[in-house]
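Chain letters run A, B, ... following the sequence lines, proteins first, then strands; residues in each count from 1.
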Amino acid sequence: MENTIKQITVNALRDLYQTEITPEQVKLEPTNSDFKGDFTLLTFPFLRFSKKNPEQTAQELGLYLVQNITEIEQFNVVKGFLNLEISPSYWVNKLVEVNCNVASSTHQKVMVEYSSPNTNKPLHLGHVRNNLLGYSVAEILKKSGNEVYKINLINDRGIHICKSMLAWQLFGNNETPESANMKGDHLVGKYYVIFDKAYKTEVAELVNQGKAQEQAEKQAPLILEAQEMLRKWENGDAEVIQLWKTMNEWVYAGFELTYKALGVDFDRFYYESNTYQLGKDNIEEGLANGVFYRKPDQSVWIDLTEDGLDHKLVLRSDGTSVYITQDIGTALLKYQDYHCDKSIYVVGNEQDYHFKVLFLILKKLGYNWSNGCYHLSYGMVDLPSGKMKSREGTVVDADDLIAEMIETAKVKTEELGKTEGLSEEEKQQLFRMLGLGALKFYMLKVDPQKRMLFNPQESIDFQGDTGPFAQYAFARITSMLKAAKQLNQEIAFKSVEVSSSEIALIKTLYNYQLEVEKAAQAYSPAIIAHYALELAKAFNRVYNDVPFLREKDDSKRSFRLFLASKTADIIQDALSLLGIDCPERM
RNA sequence: GGUCUCGUAGCUCAGUUGGAUAGAGCAACAGAUUUCUAAUCUGUGGGUCAGGGGUUCGAAUCCCUUCGGGAUCACCA
């Protein structure tokens, strides 16, 4: 319809004002809900052609459009805005076209790398945002017609890992996840904290003995020992490697449980311990080609000042690799393995500079595919008390958080007496759907790029702009349709008269595909979240407005049940893009 | 200090390629159910879109500037 209106407007300008324009120049928008109409045509840009005032111009165009487009019943003019009113039957018939399939123009191979944890600590709130975002963006891209691979790049090597290992060696007494009855990632994290504590004590002692803070931090025996361990690791020391393997396995087992609880998944894992060597090889190549240069101390750098950045180190003077060395290697390996058109990195915005540098280096190395690399940079998660700081113990643990959400769902659901007749297993399933629905929705409804505040009290709210709000609309419809079937009521499309709230709902349903495309283009689950809310609201309004099961008119009842079932389909589909499941009753 | 980024109602957030009187939710207050799930719906109050300047028919949106918050600028990752 939009295209028709635009095309006819082009004709109108030709016939009325002897002016040629393209359909793209026609500004057409959905009419603001405060005004009467479905589409609004902006006449301001045409004034110089009509040489008349906005009202007159709008009048003339309105008359022309009504005469030439049968679906347009009436129009009204407010200032320079031409509001076009489409016949209700047009919208009613549109409902037939509504479905969950998104016919997409793009068919690309896309890789989404997300989660990417370090193996020295359990996952926390920040990781939760990352995981939910990555999963959802991947699902949205899939929905809009792309071939998507979800990748998790595990940072399994480096000094931080050695800290946990060393602390375990010194203070662990051979403790294992089994003996401690603790998830493996939490156990390893515990030793990371123990290291940090002991290290600080050492530093404080050295400072007391008169050393400068900075010097003390570098000379504390524990840090020296950890560094020694890292060297041993790089040299393949059997004992260190064995310990490293064992402790990493503990962590992986722990992560797996968390991922499962969150409902996120991956097509493939990469490990930095496998990719850093490839990066190093590439540096050597680039060195030969003059992309990099070597300083007298043997460290290797790249000059990015021409591009407004700085000189950047890519290899230490002792020949070992740094963070970006590994990332060059990983990028290369990922491309070799998949040849994706696009490669998306879901990483926090504190690394904006790093990715700017990385992509630029890849380009300078001559990899054209680096044009398809994109850093999906998301904002940090703050707490009402301020920033999360591990040192101050204000970090919100992912496992705790999930458990609390489910527990809250349980309490609230039982308070409302909604569990009657459910088996124990069904109950657990319901609490999980609701708790995670609330959590996921809360985190995904905010624009990814923006910093967000995590308010524990609000996150477990089940009213208003929340996941459970949308889930509730689905549950209501599902149980209604169930009742309809028991009553042998027909659920089918009929050409009937509809109320304005029903038209509003149909329009919203019809917009689904557009919204998915928009979300895919912007890499933004927030767009889907807001859409799902809008849809649930539009349905709730109809539900309060007109009867469904009790409608006396058979055709109308059939139609409304059909409308409801379409709504349920779309709500479920939209929420699934956010990783949220819908319960059939709640 | 250099670079990047953000600033919208008491709080949390929306706001399409610049378009009408800047919108939701929470919180506050007032209503709706002999009726299909009230985890719902309807209404009221609440704004110098951080301040200032510019571009134009028209700016929360684009440009400049000031102020304020955050990030980053490591032979850490």
Legend entry - Phosphate contact (rU72(B) OP1 or OP2) by Tyr353(A) side-chain N/O below 4.0 Å: no
Inset, instruction - Respond yes when some side-chain nitrogen or oxygen of Arg316(A) is under 4.0 Å from OP1 or OP2 of rA77(B), and no when none is. - result: yes
Inset, instruction - Please list all pairs passing the side-chain hydrogen bond (donor to acceptor under 3.5 Å, both in side chains) test where one or both residues lie in residues 34-46 of chain A, with sequence neighbours left out. - result: Thr31(A)-Thr40(A), Asp38(A)-Trp91(A), Asp38(A)-Lys507(A), Thr40(A)-Asn83(A)
Legend entry - Distance test, side-chain N/O of Lys418(A) to OP1/OP2 of rA39(B), below 4.0 Å: yes
List, with names and distances, any nitrogen or oxygen atoms from the protein found under 3.5 Å away from nitrogen or oxygen atoms belonging to nucleotides 18-20 of chain B.
unit_1, atom_1, unit_2, atom_2, d
rA20(B), N6, Thr40(A), OG1, 2.8
rA20(B), N6, Asn83(A), OD1, 3.2
rA20(B), N1, Asn83(A), OD1, 3.1
rA20(B), N1, Asn83(A), ND2, 3.3

Inset, instruction - Mind checking Leu47(A) for me? I need base, sugar-phosphate or nothing, with any heavy atom below 4.0 Å counting as a touch. - result: nothing
Inset, instruction - Let me know the distance between CG of Leu481(A) and C1' of rU37(B), rounded to the nearest Å. - result: 13 Å
Legend entry - Assigned partner base of rC57(B), Watson-Crick or wobble definition, under 3.5 Å: rG19(B)
Inset, instruction - Answer with base, sugar-phosphate or nothing: what part of the nucleic acid does Asn118(A) contact at a heavy-atom distance below 4.0 Å? - result: sugar-phosphate
Inset, instruction - Starting from P on rG25(B), measure out to CD1 on Ile460(A) and report it in whole angstrom. - result: 21 Å
Inset, instruction - By nearest nucleotide on RNA chain B, pick out whichever of Leu549(A) and Asn540(A) is the more 5' one. - result: Leu549(A)
Inset, instruction - Mind checking Arg550(A) for me? I need base, sugar-phosphate or nothing, with any heavy atom below 4.0 Å counting as a touch. - result: base
Legend entry - Aromatic centroids of Tyr374(A) and Phe355(A) separated by under 6.0 Å: no
Inset, instruction - Could you check which of rG23(B), rU12(B), rA39(B) has an atom nearest any side-chain atom of Leu453(A)? - result: rU12(B)
Legend entry - Distance below 4.0 Å between Asn455(A) side-chain N/O and rU12(B) OP1 or OP2: no
Inset, instruction - Mind calculating the distance between CD (Gln449(A)) and P (rG7(B)) to the nearest angstrom? - result: 12 Å
Inset, instruction - Choose from rG70(B), rA24(B), rU16(B) the nucleotide whose nearest atom is closest to any side-chain atom of Asp465(A). - result: rA24(B)
Legend entry - Contact check, side chains of Leu563(A) and Glu502(A), non-hydrogen atoms, under 4.5 Å: yes
Inset, instruction - Tell me what Glu534(A) touches on the nucleic acid: a base, only sugar-phosphate, or nothing, going by heavy atoms under 4.0 Å. - result: nothing
Inset, instruction - Write down the partner of rC11(B) under the Watson-Crick or G-U wobble criteria, each distance required to be under 3.5 Å. - result: rG25(B)
Inset, instruction - Return the value, rounded to whole Å, for the distance between atom CD of Gln463(A) and atom P of rU42(B). - result: 15 Å
Legend entry - Distance-only side-chain donor-acceptor flag, Thr466(A) / Gln463(A), under 3.5 Å: no
Inset, instruction - Give the nucleotide from the list rC13(B), rU72(B), rU40(B) with an atom nearest to the side chain of Glu350(A). - result: rU72(B)
Legend entry - Residue list, side chain to side chain donor-acceptor pair (under 3.5 Å) with Tyr442(A), at least two apart or on another chain: none
Inset, instruction - For rU40(B), take OP1 and OP2 only and decide whether either is under 4.0 Å from a side-chain N or O of Arg476(A). - result: no
Inset, instruction - Take the angle between the ring planes of Phe359(A) and Tyr345(A) and call it parallel below 30°, perpendicular above 60°, tilted in between. - result: tilted
Legend entry - Among Phe75(A), Phe35(A), Phe44(A), ring-ring contact (aromatic ring centres under 6.0 Å, His included) partner for Phe81(A): Phe44(A)
